[in-house]
Peer 1: 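What follows is a structure written as structure tokens; I'll ask about it next.
Letters go in sequence order (proteins before strands), and every chain restarts at 1.
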2 protein chains.
Amino acid sequence: MNDLANTPELVTVGDEPKTLAEAAYRQLRRDIIEGVHRPGDKLRVEHLKDQYEVGAGTLREALQLLVTDALVVAQGQRGFRVAPISLDDFADITRTRVLLETSALQQSIELGDDAWEASVVAAFHLLSRAEDKLSDGAKASREEWELRNRAFHEVLIGACPSRWIRHFQNILYHQSERYRRLSLFRQPIPRDVHAEHQAIVDAALARNAAEATRILSEHIMRTLEAVRQLPADFIN
Amino acid sequence: MNDLANTPELVTVGDEPKTLAEAAYRQLRRDIIEGVHRPGDKLRVEHLKDQYEVGAGTLREALQLLVTDALVVAQGQRGFRVAPISLDDFADITRTRVLLETSALQQSIELGDDAWEASVVAAFHLLSRAEDKLSDGAKASREEWELRNRAFHEVLIGACPSRWIRHFQNILYHQSERYRRLSLFRQPIPRDVHAEHQAIVDAALARNAAEATRILSEHIMRTLEAVRQLPADFIN
DNA sequence: ATAGGCAAAAATCTCGAGAAAAAATATTGA
DNA sequence: TCAATATTTTTTCTCGAGATTTTTGCCTAT
């Protein structure tokens with residue numbers, strides 16, 4: 001019987017790209033998430049192949065990889081486009097994230113060992129430190145906070161044994177990140193997330209799954225409320 | 001504000017392939033699901049391009065599309081392989097399916113209108129008819145039953161507005177189907193699923209979400225139990 | 001002025017050959 | 001005999017050019 005830990009990951013998340021196509025894929029992904037290529041933009045292979053310094057076929061492959069992440073949509077014989085955004089889509093993403101992430105957290109709390117507890121505490125500490133430096137509004141510290149926030153949420157569900165939930169959750173996180181980058185730089189000061197994170201950690205360590213998932217659920221949903229209050233024409 | 005119904009689908013699920021790459025993708029997917037290419041098999045582009053009558057680059061693209069469905073895994077500079085299978089993986093798939101499908105059913109029951117009810121009844125009727133013809137064990141009728149079973153489960157969650165849940169559910173269904181094809185042709189007579197389907201329909205039409213999701217959950221989980229009782233060396 | 005259709009242009013899709021990498025085989029030395 | 005290295009073979013990855021399809025622009029007729 002195969003051990004789950006020995007089966008290959010669903011998505012190759014290697015440290016450094018071993019192929020030109022993958023390198024182009026990462027650059028393109030970053031550029032899409034950061035808004036260099038706007039939602040709905042046409043992605044012409046002939047243009048982009050020069051910009052990213054690869055052949056046409058290679059860039060095509062990179063685009064295909066982005067379709068996997070649903071950051072790019074491919075239409076029959078009409079090329080590629082950056083996936084469009086909408087408030088409804090973000091609401092959908094957020095709700096689905098809640099569904100997956102609460103389930104994963106529940107399993108983590110149920111199965112997590114001492115090492116898991118330690119990693120949660122450590123990630124929370126790093127995140128708290130990043131929050132201290134966040135006040136000056138520098139872009140670099142903001143970047144740091146994003147990374148540690150992501151790491152915190154990842155570690156939290158790290159003891160969940162389901163590769164599939166983590167896989168889907170990963171896709172949705174990329175999607176959410178794109179929405180955040182496209183909108184939240186307008187309201188640069190996040191709400192009081194520290195207390196929420198603290199409460200999640202406390203409940204998780206106390207093995208209080210119901211409480212932890214409740215807070216996490218509200219925590220994620222609040223990002224939806226924040227975007228809902230943006231000017232209506234901005235999201236379109 | 002964009003309407004969700006107007007946004008493009010996450011995965012192009014068009015009726016007929018508009019491109020050679022997509023045609024090759026579909027043939028390959030069918031062959032993998034049906035076990036022509038066994039789990040773990042190496043998929044050499046040079047061989048397959050002749051077999052599927054397309055160029056190397058085109059076949060490469062088809063393989064990339066299969067990575068999206070997690071039916072194929074791509075390793076750095078070492079080509080493509082058919083995704084391996086394991087009992088643990090199947091258990092993971094099944095549990096995640098339960099999570100997504102029950103959530104979708106709950107929303108369907110909450111939001112479904114008369115047209116949805118009608119489609120559920122219709123799909124159930126078609127499935128029941130297929131069950132009648134199933135006794136002779138002919139391959140064609142078995143095929144028909146598979147199709148209608150899938151249609152039934154799809155219609156059941158058809159009123160769920162979440163494109164993301166349906167997207168993920170779709171991926172997992174393909175995965176499950178592969179496991180079924182690889183194993184269940186050995187125990188060709190399915191257990192008494194008719195009563196379970198009937199119970200789900202009744203609860204759904206009565207808008208009893210708790211009952212419907214409970215039965216659906218057990219229904220899906222039973223397929224896992226069935227595979228668990230196979231000879232241990234078969235799944236490996 | 002607008003609608004329809006025809007022609008030109010642009011973009012996508014496809015293919016086969018060459019370069020780079022990995023795997024397999026053979027060789028050499030202890 | 002075994003291990004380590006070198007060579008050969010296989011396979012993957014990459015590129016640019018040609019064929020097909022879509023889009024754009026223009027022209028004509030009502």
Peer 1: Going by side chain to side chain donor-acceptor pair (under 3.5 Å), name the residues that satisfy it together with A:R60, two or more places apart in sequence or in a different chain.
Peer 2: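 Result, side chain to side chain donor-acceptor pair (under 3.5 Å) vs A:R60: B:E61.
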Peer 1: Is there a donor-acceptor pair closer than 3.5 Å between any side-chain N or O of B:R163 and the backbone N or O of A:D92?
Peer 2: no
Peer 1: Identify every side-chain donor-acceptor pair in residues 148-159 of chain A under 3.5 Å, counting partners at least two apart or on other chains, and give the distances.
Peer 2:
residue : atom : partner : partner atom : Å
A:R148  : NE   : A:E144  : OE2          : 3.0
A:R148  : NH1  : A:L126  : O            : 3.0
A:R148  : NH2  : A:E144  : OE2          : 2.9
A:R150  : NH2  : A:E154  : OE2          : 3.0
A:R150  : NH2  : A:N170  : OD1          : 2.4
A:H153  : ND1  : A:E101  : OE2          : 3.0
A:H153  : NE2  : A:H219  : NE2          : 3.4

Peer 1: Walk along nucleotides 11-16 of chain C from 5' to 3' and tag each nucleotide B, S or - by protein heavy-atom contact under 4.0 Å, base first, then sugar-phosphate.
Peer 2: SBSBS-
Peer 1: So for atom CG, which belongs to A:D113, do other residues, nucleotides or ligands contribute more than 12 heavy atoms lying within a distance under 6.0 Å?
Peer 2: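 Yes - once you tally the heavy atoms of other residues, nucleotides and ligands closer than 6.0 Å, there are more than 12.
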Peer 1: Taking B:E143 first and then B:K133, would you say they form a salt bridge - that is, a charged N and a carboxylate O separated by under 4.0 Å?
Peer 2: no
Peer 1: Take atom CG of A:L59 and atom C1' of D:dC13, then tell me their distance rounded to the nearest Å.
Peer 2: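 In whole Å, D:dC13 C1' lies 15 Å from A:L59 CG.
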